[in-house]
Amino acid sequence: MAERLVVKLPGEATEYVVLEVETLIDFGQGRGPKAGVITIKDGAVRITGSGAATLAAEIQDAGGTLPATLSLNSGRQRAVVLQAHPNPATDNSRAPLRLQGKPALMQMTDDEGRVHVRIDGDSGSLWLGGKGTDGDALLFAAGDDPVSTQAATIHLAGGAANTGGSAVFRSATGKERVVLEAQGARMWIGGNGAGGDICVFAQGETETRDHTKATVHINGDAGDIVLRNADCAEEFDTSEPLAAPGTVMVIADDESLAPSQQAYDRRVAGVVSGAGRYRPAIVLDRRSEPGERLPIALVGKVHCKVDADAGAIEIGDLLTTSATPGHAMKVGDHGRALGSIIGKALQPIASGKGMIPILVALQ
């Protein structure tokens, strides 16, 4: 019986297929783009590629009916190792690595069979940690060496039982810029070379990377809270729930608010917010329970109904209540005006009734 069976091409010395007693199949002696070697020896099967493909796969028999290990090697380094369950006839849910086709499932256990990593395709869930191990998820930039949690640009930590979870976001230079802590319900933003900012946008805004478009902007560098809208309002019970924005309101006998009815009324409380281009930036005492309540501008800019028939209104004129319901007018009698001043006009109106922006400043 021949010890070797060789296949060559006519006129060439290269042995393209070799079968030996050790059951070795050599395709081109490991040379060329399609070269490779299959070796079956001593209870092991080894498949090796060559040339540009240096990936190798090895299956070793542990003496049982199933292979114990499948390893994928790049060069001489093991890249992937799949290890069979030591006793597959028992509970295979405790296998070191379990891959399930339907429903799709992948889970990994420790030496004691405790599952610490689970990817569930049926529910679309990723489970990390538990059963004595803190779960962590680490994301690294392309140029980083994934050997330390401190090098991760994003680190989601399950945390110990007494510390809770946290999320850390780092800059390209490894500086912590955003930290979320569950234990103290804290959020840390900025520092380490960058100012922290929080921007809140309206539903219809599309330029959500421009802080000037935000309705609310908390600027860590400046220490400012920037509100796009204009006035500071407070909700009040009203006896006239249909009072339109811009209506001048006074305090009624039952402590609710009603549209003004007379000139120089010292019970004036403010102007119904929301008319024109101005909206309230802050609304105090807003309640979730149903009721007839309206936001009343107490400070800031607001559009207000005015009656200029009692006197032309110029920019800067003081305004008070008028005999026209819900309308303000220019102060003509400063002696009577004390305690009834609503604010100052920001726009003139020569005659008639209309709506102009004013600066609310009750006096």
Side-chain angles (χ1 to χ4, degrees), residues 42-49 54-171 174 176-188:
D42 298 330
V45 178
R46 182 176 178 83
I47 306 170
T48 307
T54 59
L55 182 67
E58 183 177 359
I59 304 175
Q60 296 178 339
D61 187 8
T65 58
L66 292 179
T69 304
L70 170 64
S71 63
L72 303 179
N73 307 328
S74 179
R76 296 183 178 181
Q77 301 294 323
R78 283 191 170 187
V80 178
V81 177
L82 300 179
Q83 184 177 16
H85 194 287
N87 186 2
T90 62
D91 181 12
N92 61 14
S93 66
R94 299 170 66 86
L97 173 61
R98 178 187 177 193
L99 300 176
Q100 177 178 300
K102 187 176 182 181
L105 175 70
M106 173 177 156
Q107 68 181 31
M108 303 177 189
T109 65
D110 60 12
D111 292 340
E112 298 181 9
R114 295 174 297 190
V115 178
H116 294 312
V117 178
R118 178 185 175 95
I119 302 176
D120 191 333
D122 198 35
S123 62
S125 303
L126 170 65
W127 309 76
L128 301 174
K131 297 182 178 179
T133 298
D134 297 333
D136 287 80
L138 304 169
L139 280 71
F140 297 86
D144 289 339
D145 188 6
V147 295
S148 168
T149 59
Q150 299 299 315
T153 53
I154 299 178
H155 179 194
L156 306 179
N162 60 341
T163 62
S166 65
V168 179
F169 299 82
R170 296 183 177 89
S171 68
E176 291 187 357
R177 295 287 169 75
V178 178
V179 179
L180 307 178
E181 292 183 352
Q183 182 68 13
R186 290 187 289 260
M187 177 170 62
W188 310 81

* Asked: Quick one: does Asp120's side chain have a donor or acceptor within less than 3.5 Å of a partner on Asp122's backbone?
  ->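 Yes; judged by distance alone, with no hydrogens or angles, the pair exists.
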* Asked: Just by modelled atom types, is the Phe169 backbone N or O under 3.5 Å from a matching donor or acceptor in the His155 side chain?
  -> no
* Hey, what do you get for CG (Leu180) to CG (Leu156), rounding to the nearest 0.5 Å? -> 9.0 Å
Tell me the closest heavy-atom pair linking [X] and [Y], and the distance in Å.
X: Ser171; Y: Arg177; answer: CB-NH1, 3.5 Å
X: Val115; Y: Lys131; answer: O-CD, 4.0 Å
X: Val179; Y: Glu181; answer: CG1-CG, 4.0 Å
X: Asp145; Y: Ala151; answer: O-CB, 3.9 Å
X: Leu128; Y: Asp136; answer: CD1-O, 3.4 Å

Is there a side-chain contact between [X] and [Y], using heavy atoms and a 4.5 Å cut-off?
X: Thr149; Y: Leu138; answer: yes
X: Met106; Y: Val117; answer: no
X: Gln150; Y: Arg170; answer: yes
X: Trp127; Y: Gln107; answer: no

